[in-house]
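First the structure, which I've put down as structure tokens, then a few questions once you've had a look.
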Amino acid sequence: MRSTTIDKLPQLVGEQAQIHAWVMNVRSSGKIAFLQLRDGSGFVQGVVVRNEVDDETFELATGLGQESSVTVRGEVREDKRSPSGVELGVSEIRAVHGSSEYPITPKEHGVDFLMDNRHLYLRHRGPWAIMRIRDEIQRAAHDFFTERDFVRFDSPFFMPTAVEGTTNLFEIDLFGDDTAYLSQSGQLYAEAGAMALGKVYTFGPTFRAEKSKTRRHLLEFWMLEPEVAYMDHEGNLQLQVDLISYLVGRVLENRRQELEILGRDTSKLEPSAQGDFPRLTYDEAISFLQSKGEDIAVGDDFGAPHETIIGEAYDRPVIIEAWPSDVKAFYMQPYENDPTRVKANDMIAPEGYGEIVGGSERIYDLALLEKRIEEHNLPREAFEWYLDLRRYGSVPHSGFGMGLERVVAWVTGAKHLREVIPFPRMLTRLYP
RNA sequence: UCGGCGGUAGCUCAGUGGCAGAGCGAUCGGCUGUUAACCGAUUGGUCGUAGGUUCGAAUCCUACCCGCCGAGCCA
């Protein structure tokens, strides 16, 4: 008999099947036992009836500890009570490996305990659903850029200097002679890539040594950063809206079961799949916040509560553009008619998930970029190669960064970013 | 770094000066359709750490450690 996987069982009703699985839980009476089985592809209930199997098999079934690994054979049966519509009438069980005193019991647990046991907790329904949605979003992003003839372009993780002088970086000792920093963004290198290949995107882990202890921060997170030569601010916004609406659409299309396991209200996601995201200028956003009674003035950056207030006003992500240049990074292109504002935007997710995208048109004039580097007190020598991009055939170009975990958290409805990455790295957690 | 809350059995928690508790888990037994199954029994403790007050401290005091939530910073 050929082995199959649980997700394929609904197509095999009435047939014999064999699966390689783990036992999540056993419920039994004297004459019947129910095995909750999982194999990574899905979940199914195995039913073992005493007078249909030999004594040895029945005793094996009722004695299986939580997370024992088993190979199970039986008949696939339709059953209305099962979420997948089928169950397995077990005729044969082979124990692969036992398990006893499994720490994560079928009752409630605290966050810290589950994070201590993250390597095991990943086996459970909620994390399973989230990891499959995370995968779908990454896969969809690659498809999106592939369809648009982008080239994936990998930027280094060891950096000679800060991309944006403001954030703290992790230092790496290079044999005592030199110091490198872990990348906080692949953007500058992506700009070089865009000049070589036209349309590129980087995707990889980035590191921020910020002592942030909130649900929206990790020390290590994954960022998707497209960069496009000859693309202006308007084109940049369009690309962002197209990408985000595409990602949400793909999850709604291919990961319904996972969203249901998570109890996600999909009606709250559907508008975001349609595109047509609202746009506010920075000044309009400030006025809006003031009208809500917030103590904020033009020139201030937004805090997390401000982002939440704006995000909650719309049923889909909202774009905030035309930022004051001094609250944003050094490389952002000012407006021709108002040099105090830059062609930069944030995209704020609904439901309080905060900023999911930050992007801008980049400065392409050499003199202006040199001036900004000086104004921001950045080490000029580390940026010579970056300035070269403005010396030889400089062109307008734009790009943005999307925080993968922020997007996955929003789409899945997760309470904390640590839930949406397999092994979160935080101020208070490096293990497992 | 700052503010708030917390640390008691493997897990989730109750216990505010007088014998260390419950539910779940685990173990054993029962039960023919269970859905975090149910019923009975058994098992289980450095009350975060150190010091202090007291006849007596999980409980009061001091210091420290750790965690959670929020702020700042950011994606």
Side-chain angles (χ1 to χ4, degrees), chain A residues 24-36 43-52 58 61-63 65-66 77 79-83 87 89 99-117 120-121 124-125 163-169 183-187 205-225 240 244 300-308 327-329 346-349 352-359 400-410 415-418 420-421 426-429:
Chain A
M24 301 169 71
N25 196 13
V26 179
R27 283 184 284 273
S28 72
S29 68
K31 298 290 193 291
I32 188 166
F34 302 95
L35 310 179
Q36 307 305 319
F43 307 91
V44 72
Q45 174 164 269
V47 183
V48 191
V49 179
R50 167 145 252 170
N51 56 26
E52 292 175 6
F58 193 80
T62 54
Q66 197 185 346
R77 296 194 299 235
D79 193 294
K80 294 276 186 289
R81 290 164 289 196
S82 159
E87 63 179 20
S99 170
S100 61
E101 313 253 341
Y102 181 71
I104 307 176
T105 62
K107 289 283 175 179
E108 62 193 314
H109 297 285
V111 169
D112 202 41
F113 175 78
L114 291 175
M115 282 297 156
D116 281 342
N117 290 283
L120 301 174
Y121 186 48
H124 293 239
R125 269 191 169 85
V163 171
E164 302 168 26
T166 56
T167 0
N168 296 320
L169 302 177
S183 173
Q184 60 177 190
S185 166
Q187 181 205 311
T206 53
F207 308 88
R208 304 274 168 98
E210 292 157 6
K211 296 198 169 179
S212 303
K213 291 200 288 185
T214 82
R215 78 176 98 101
R216 287 189 290 261
H217 291 88
L218 297 169
L219 298 185
E220 177 187 314
F221 64 97
W222 286 65
M223 194 151 64
L224 182 71
E225 295 177 285
Q240 292 172 35
I244 299 297
D300 294 344
D301 202 352
F302 297 167
H306 300 130
E307 289 182 354
T308 300
V327 306
K328 286 290 180 185
D346 286 357
M347 184 188 288
I348 313 287
Y353 283 94
E355 185 183 343
I356 51 173
V357 170
F400 62 90
M402 182 197 91
L404 177 69
E405 285 76 16
R406 292 260 178 100
V407 172
V408 178
W410 163 49
K415 288 188 178 66
H416 196 298
L417 248 48
R418 70 184 156 215
V420 306
I421 186 167
M426 301 185 295
L427 214 52
T428 57
R429 182 161 298 284

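Protein chains get the first letters and strands the later ones, always in sequence-line order, with residue 1 at the start of each.
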Searching all strands shown, indicate the nucleotide that pairs with B:A14 (Watson-Crick or G-U wobble; both distances under 3.5 Å).
->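 Pairing partner: none.
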Now, which nucleotide makes the Watson-Crick or G-U wobble pair with B:G3, with each of the two distances under 3.5 Å?
-> B:C69
Indicate, with a heavy-atom threshold strictly under 4.0 Å, whether A:Phe113 touches base, sugar-phosphate, or nothing.
-> sugar-phosphate
Restricting to nitrogen or oxygen on both sides, can you table the protein-nucleotides 20-28 of chain B pairs closer than 3.5 Å?
{"residue": "B:A26", "atom": "O2'", "partner": "A:Glu101", "partner atom": "OE2", "Å": "2.8"}

Opposite nucleotide pairing with B:C47, Watson-Crick or G-U, both atom distances under 3.5 Å |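 Pair assignment: B:C47 / none.
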Any A:Arg27 side-chain N or O less than 4.0 Å from OP1/OP2 of B:U32 =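 So the side-chain polar atoms of A:Arg27 never come under 4.0 Å of the phosphate oxygens OP1 or OP2 of B:U32.
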Who is the Watson-Crick or G-U wobble partner of B:G29, with both distances under 3.5 Å?
-> B:C39
Which nucleotide, in any strand shown, forms a Watson-Crick or G-U wobble pair with B:U34, with both distances under 3.5 Å?
-> none
Counting any heavy atom closer than 4.0 Å, what does A:Gly65 reach on the DNA or RNA strands: base, sugar-phosphate only, or nothing?
->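 Counting heavy atoms under 4.0 Å across all strands, no contact is made by A:Gly65.
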Verify side-chain hydrogen bond (donor to acceptor under 3.5 Å, both in side chains) between A:Thr105 and A:Gln66, making sure each step is shown before the conclusion.
-> CA-CA 8 Å; A:Thr105 62; A:Gln66 197 185 346; over 6 Å; no
Under a 3.5 Å cut-off for both distances, is B:A58 Watson-Crick or wobble paired, and to whom?
->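 WC or wobble partner does not exist here.
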N/O (side chain, A:Arg215) to phosphate O (OP1/OP2, B:A71) under 4.0 Å = no
Round to a whole Å and report the spacing from CG of A:Asp300 to P of B:G72.
->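 It works out to 12 Å between those atoms.
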